[in-house]
2 protein chains.
Amino acid sequence: MVAQINGSVVKAFEILKLFSAGRTIISAADVMAELGVNAVTAHRFLKTLEHVGALVAVDRGRYRLGFLFADLAERLLDGGSLAGILQPVLNALTGRLGEASMATLFRADKVVCIARAVPDRPVLVDIRVGSELEAWCTAHGKLWLAHLPEKELDAYFSRVDPRAFTGATITGEAALRAELERVRREGFAENRGEREDTLHAIAVPLFSGSGRMITGLSVFGPVARLSGEAAATALAHLKHAAEDLHRSLDAPR
Amino acid sequence: MVAQINGSVVKAFEILKLFSAGRTIISAADVMAELGVNAVTAHRFLKTLEHVGALVAVDRGRYRLGFLFADLAERLLDGGSLAGILQPVLNALTGRLGEASMATLFRADKVVCIARAVPDRPVLVDIRVGSELEAWCTAHGKLWLAHLPEKELDAYFSRVDPRAFTGATITGEAALRAELERVRREGFAENRGEREDTLHAIAVPLFSGSGRMITGLSVFGPVARLSGEAAATALAHLKHAAEDLHRSLDAPR
DNA sequence: CAAGCTTATTACAATATAAGATATATAAAT
DNA sequence: ATTTATATATCTTATATTGTAATAAGCTTG
């Protein structure tokens, strides 16, 4: 670790981190009070952040976040970019468990596979990157639905008519809502042959620092191999992987 | 303007701006080459940005953007936050033109009004913040549809069955697609009595630095007042407002 | 596996920059 | 209109930052 960290940069980001869900405007007085710096220094940092596009002045001495962050976040969350971050994690999971794994995004009512790893087995279950799956009958899909804002979930149910793929598919709206409630409560989702009779999957969410779901991670394989003890083991590893990702990707507190 | 800008912070953001759509990984060599700094200095800045959560090390000396930006962007783009930025702009537009104006987001196939200004007139057309409108027959909606990624537009048409509200409503998919092509080409959308017989609206998009549509801005009013010369004037003002917003919110180049 | 090359880190010194103090200007509140 | 609070400009000084040199670590090639 390089010994010398640049204090000015650290302080600039401390200012940026003063913004929160309930706090969209920051003033020089806030910076002075909360970071313990001199008034002139506070003004200098705010002006510098404005200069680079990180802040926008809205009133005298009062600032909002600048659109630079929308651009940087888009570059961060672009599917290809995110896949690059997730691929080593999936490789490690599949290496450890001997079962396929994948990560998804949620687009236009469908779950989209953005990265996957396949085990070194002669016969295996696989999925192609870019494939789209229905949400109501997949572990990933139920995870995404469980973490949609209420209005968006209502809209989903008003547009989508869930049909049965197997005897295990949950199709009724009330039954699905109950299942999503269970997914929220337990923190993971399972596909017990709901999309294909013999396929089992377990998925966990990855959240951003502010609680929005960024991606899902899952392990999947034949029911015969992925149940009971093996399923519990897979869940533990998935949770670990999500925690490690969260820790390595999130801002230090 | 405070004379003294903090050079270290400026340089740190220059590093962050090296990331682009096609470039998701930055190395110390890149920083040296493109910012003309010493190798030790480049490593120090990269380590500092990693320390604050702005970057994440993926390999030896190679970095990706950190999840901090997802959080900051969420705080930036939160509807309430965005509305606060847009409200003065709408107030100015409505003050200048004497017609109502509004800004929207696109959620779950619907256009959602997040901010609006009403003119000082005894009888006027208004809309409530939070109201949702269909996309195919509103200026805002056609704007959002025109700038959806192709796959998302296909999915929209597979889910939504446009119906006629007035004699002017465009309902056929082919005709709508042609209309969206025209909106893309001309850079603005019009609602010529497609949702309500007597109502005319003109909308322009606001894009982020990387080209994604952030919000729409429109002016609307009765056809009798908002046509011909008045419509052209309104369009000019809308474009000006969008350009000013883009300039004031975007990162300086 | 070893040697050579490249990249990363550490320690040190110099200096340029940043921070604080003070004074002045501007804006807001009374 | 006056007073108070905030923002900016200027100056000085201390320190944090930068570059250099040396060392360590990692990668590539034979």
Side-chain angles (χ1 to χ4, degrees), chain A residues 1-19 23-66 84 87-88 91-92 248 252, chain B residues 1-19 23-66 84 87-88 91-92 248 252:
Chain A
M1 171 58 132
V2 88
Q4 200 189 333
I5 293 288
N6 189 304
S8 296
V9 174
V10 170
K11 206 159 284 171
F13 276 87
E14 280 173 359
I15 293 174
L16 293 174
K17 288 169 187 171
L18 293 178
F19 290 94
R23 189 186 210 177
T24 62
I25 288 193
I26 292 294
S27 68
D30 295 328
V31 174
M32 286 170 61
E34 296 183 47
L35 302 190
V37 295
N38 178 276
V40 185
T41 303
H43 279 286
R44 285 198 190 100
F45 273 107
L46 290 168
K47 285 293 183 183
T48 303
L49 287 166
E50 183 186 10
H51 175 81
V52 301
L55 295 182
V56 172
V58 294
D59 271 321
R60 186 168 170 271
R62 291 161 89 240
Y63 297 84
R64 290 184 173 276
L65 288 168
Q87 193 61 58
N91 292 346
S248 74
Chain B
M1 170 61 131
V2 89
Q4 193 182 319
I5 294 285
N6 190 302
S8 296
V9 173
V10 170
K11 207 161 281 172
F13 276 88
E14 280 173 359
I15 294 174
L16 294 173
K17 289 170 187 171
L18 293 177
F19 289 94
R23 190 186 209 175
T24 60
I25 290 193
I26 292 293
S27 68
D30 295 326
V31 174
M32 286 170 61
E34 296 184 47
L35 302 189
V37 294
N38 178 275
V40 185
T41 302
H43 280 284
R44 282 198 193 101
F45 273 108
L46 290 167
K47 286 292 183 183
T48 305
L49 288 166
E50 183 186 10
H51 174 81
V52 300
L55 295 181
V56 171
V58 293
D59 272 321
R60 187 168 168 269
R62 290 162 88 242
Y63 297 85
R64 290 181 174 278
L65 287 169
Q87 191 61 56
N91 292 344
S248 74

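Residue numbering restarts at 1 for every chain, and letters A, B, ... go by the order of the sequence lines.
Residue A:Ser8 has a polar side-chain atom (N or O) positioned under 4.0 Å from OP1 or OP2 of D:dT17. Proximity of B:Lys47 to the phosphate of C:dT9: a side-chain N or O atom is located under 4.0 Å from OP1 or OP2.
Going from atom CZ of B:Phe45 over to atom C1' of D:dT18 covers 9 Å, rounded to whole Å. In this structure, B:Lys11 places its NZ atom 18 Å from P of D:dA16, rounding to the nearest Å. Rounded to an integer number of Å, the gap from NE2 of B:His43 to P of D:dG26 is 13 Å. Atom CD of A:Gln4 and atom P of D:dG19 are 11 Å apart (whole Å). We find that CG of B:Leu46 is positioned 14 Å from P of C:dT7, with the value rounded to whole Å. As a whole-Å value, the separation of B:Asn38 CG from C:dA11 C1' is 14 Å. Counting to the nearest Å, the C1' atom of C:dT9 and the CZ atom of B:Arg44 are 10 Å from each other. Remark: C1' of D:dT18 and CG of B:Leu35 are 15 Å apart, rounded to the nearest angstrom.
Listed for the B:Thr48 side chain is a donor-acceptor partner under 3.5 Å among the backbone atoms of B:Arg44.
In this structure, OH in A:Tyr63 is found 13.5 Å from CZ in A:Phe45, a value given to the nearest 0.5 Å.
Both A:Asn6 and A:Gly61 lie close to DNA chain D; mapped to their nearest nucleotides by heavy-atom distance, the more 5′-ward contact belongs to A:Gly61. For the pair A:Ala28 and A:Gly7, both in contact range of DNA chain D, the more 5′-proximal nearest nucleotide belongs to A:Ala28.
Nucleic acid contact class of B:Ala39 (heavy atoms, under 4.0 Å, all strands): none.
When all heavy atoms are compared, the tightest approach of A:Ser27 to A:Leu46 is C-CD1, 4.1 Å.
Taking the ring centroids of A:Phe13 and B:Phe13, they lie under the 6.0 Å cut-off.
A side-chain contact (heavy atoms from CB on, under 4.5 Å) with B:Glu14 holds for exactly one of B:Leu18, B:Val10, B:Leu16; it is B:Val10.
For A:Val40, the listed nucleotide lying nearest its side chain is C:dT22; candidates were D:dT18, C:dT22, D:dA21.
For C:dT7, its base sits under 3.5 Å from the side chain of B:Arg60 at one donor and acceptor pair at least.
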